[in-house]
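Working notes, beginning with the structure itself.
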Protein chains: 2
Amino acid sequence: MGKAYNIMAATCPSRTVLHRIGARWTVFVVNALEHGPMRFTELKAHIREITPKALTETLRAMQADGLLSRTDLGGNPPHVEYALTDLGRSLLVPLRAVRQWAEAHVPDILAAREQASAEDAY
Amino acid sequence: MGKAYNIMAATCPSRTVLHRIGARWTVFVVNALEHGPMRFTELKAHIREITPKALTETLRAMQADGLLSRTDLGGNPPHVEYALTDLGRSLLVPLRAVRQWAEAHVPDILAAREQASAEDAY
DNA sequence: CTGTATCCCTATGGATACTG
DNA sequence: CAGTATCCATAGGGATACAG
């Protein structure tokens with residue numbers, strides 16, 4: 001028995017999974033929920049610059065993929081909590097690494113970009 | 001001295017880095033180059049379903065970010081090789097983990113999606 | 001072989017306002 | 001508080017054909 005799924009196969013469903021992981025805001029939501037559940041407004045404040053529309057769409061998609069749970073605690077005003085499922089927490093491991101890589105290598109990337117645009121000038 | 005860069009800060013340049021990492025085809029190119037340099041056509045064959053246009057744009061962007069090198073070996077027909085730089089190889093670590101997560105959890109995600117769409121039916 | 005050049009299209013996301 | 005509802009703009013990417 002070899003590998004069941006392979007990213008490099010054109011029609012492999014792992015591609016749709018990868019596409020969801022790579023979606024603009026998924027990595028933000030996953031990292032934001034690292035330390036426990038959050039409410040809609042908390043997430044919005046934590047992930048700055050995200051619009052309610054984008055946040056809603058990201059949350060719905062992640063919920064459909066079983067990455068997070070939505071708990072409506074009722075009351076008025078409403079109280080809804082979002083939390084990572086076990087599956088979502090397992091995704092936290094690689095995505096935290098991605099986040100850390102991005103934060104760690106900002107200077108390298110910026111330097112490379114600057115040099116690339118400088119070379120364009122000639 | 002605290003963390004220099006933080007994904008969650010609205011204007012942090014790490015966001016542009018993350019955006020590049022999350023770009024549609026970056027993860028494919030990085031993983032494809034894991035075991036050494038490849039030529040344009042090799043990459044295109046390896047990453048199935050990618051158009052030459054998308055591949056070119058991805059390669060140029062990664063090159064500008066210092067993630068890969070492009071070596072023109074001349075000749076006719078032309079011979080160009082793409083390889084990960086040291087920086088690109090460091091990105092390989094987290095992105096290989098992402099790839100493996102995606103391939104490993106296809107059944108979980110597909111099951112969750114099926115259940116979600118089944119619930120919608122009511 | 002290694003790309004460019006077009007054309008087109010739709011999905012993503014921003015801005016804004018509003019509702020239960 | 002937790003979203004919906006619109007409208008809109010743009011960039012990314014697909015299809016196809018062609019060039020050095």
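Just so we're clear, the structure is a prediction, and the values are computed from it rather than from any experiment.
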Can you confirm whether the side chains of A:Arg99 and B:Asn6 place a donor and an acceptor under 3.5 Å from each other? yes

Do B:Arg113 and A:Thr16 pair up side chain to side chain, a donor and an acceptor below 3.5 Å, judged on atom types alone? yes

For the pair made of [atom1] in [X] and [atom2] in [N], what is the distance, rounded to whole Å?
| X | N | atom1 | atom2 | result |
| --- | --- | --- | --- | --- |
| A:Phe28 | C:dG13 | CZ | P | 11 Å |
| A:Ile50 | C:dG14 | CD1 | P | 8 Å |
| A:Glu49 | C:dT16 | CD | P | 13 Å |
| A:Glu81 | D:dG3 | CD | P | 12 Å |
| B:Leu59 | C:dT2 | CG | P | 11 Å |
| A:Leu55 | D:dG3 | CG | P | 8 Å |
| B:Asp72 | C:dC1 | CG | P | 15 Å |
| B:Asn76 | D:dG20 | CG | C1' | 9 Å |

From CA spacing to verdict: side-chain contact (heavy atoms from CB on, under 4.5 Å), B:Leu87, A:Ile109: CA-CA 9 Å; B:Leu87 187 59; A:Ile109 304 276; 4.0 Å; yes

Please tell me which of the listed nucleotides, [options], lies nearest to the side chain of [X]?
| X | options | answer |
| --- | --- | --- |
| B:Trp25 | C:dG14, D:dG13, D:dA2 | D:dG13 |
| B:Arg60 | C:dG13, C:dT4, D:dA2 | C:dT4 |
| A:Val80 | D:dG14, D:dG3, C:dG3 | D:dG3 |
| B:Pro77 | C:dC1, C:dG14, D:dG3 | C:dC1 |
| B:Lys53 | C:dT6, C:dT2, D:dG3 | C:dT6 |
| A:Thr56 | C:dG3, D:dC1, D:dT4 | D:dT4 |

Are more than 12 heavy atoms from other residues, nucleotides or ligands located less than 6.0 Å from atom CD of B:Glu114? no

Looking at [X], does any N or O in its side chain come under 4.0 Å of the phosphate oxygens OP1/OP2 on [N]?
| X | N | answer |
| --- | --- | --- |
| A:Arg39 | D:dA2 | yes |
| B:Arg70 | C:dG3 | yes |
| A:Tyr82 | D:dG3 | yes |

DNA chain D: B:Thr51 or A:Phe40, which has the more 5' nearest nucleotide? A:Phe40

Using side-chain heavy atoms (C-beta onward) and a distance below 4.5 Å, is B:Glu81 in contact with B:Met38? no

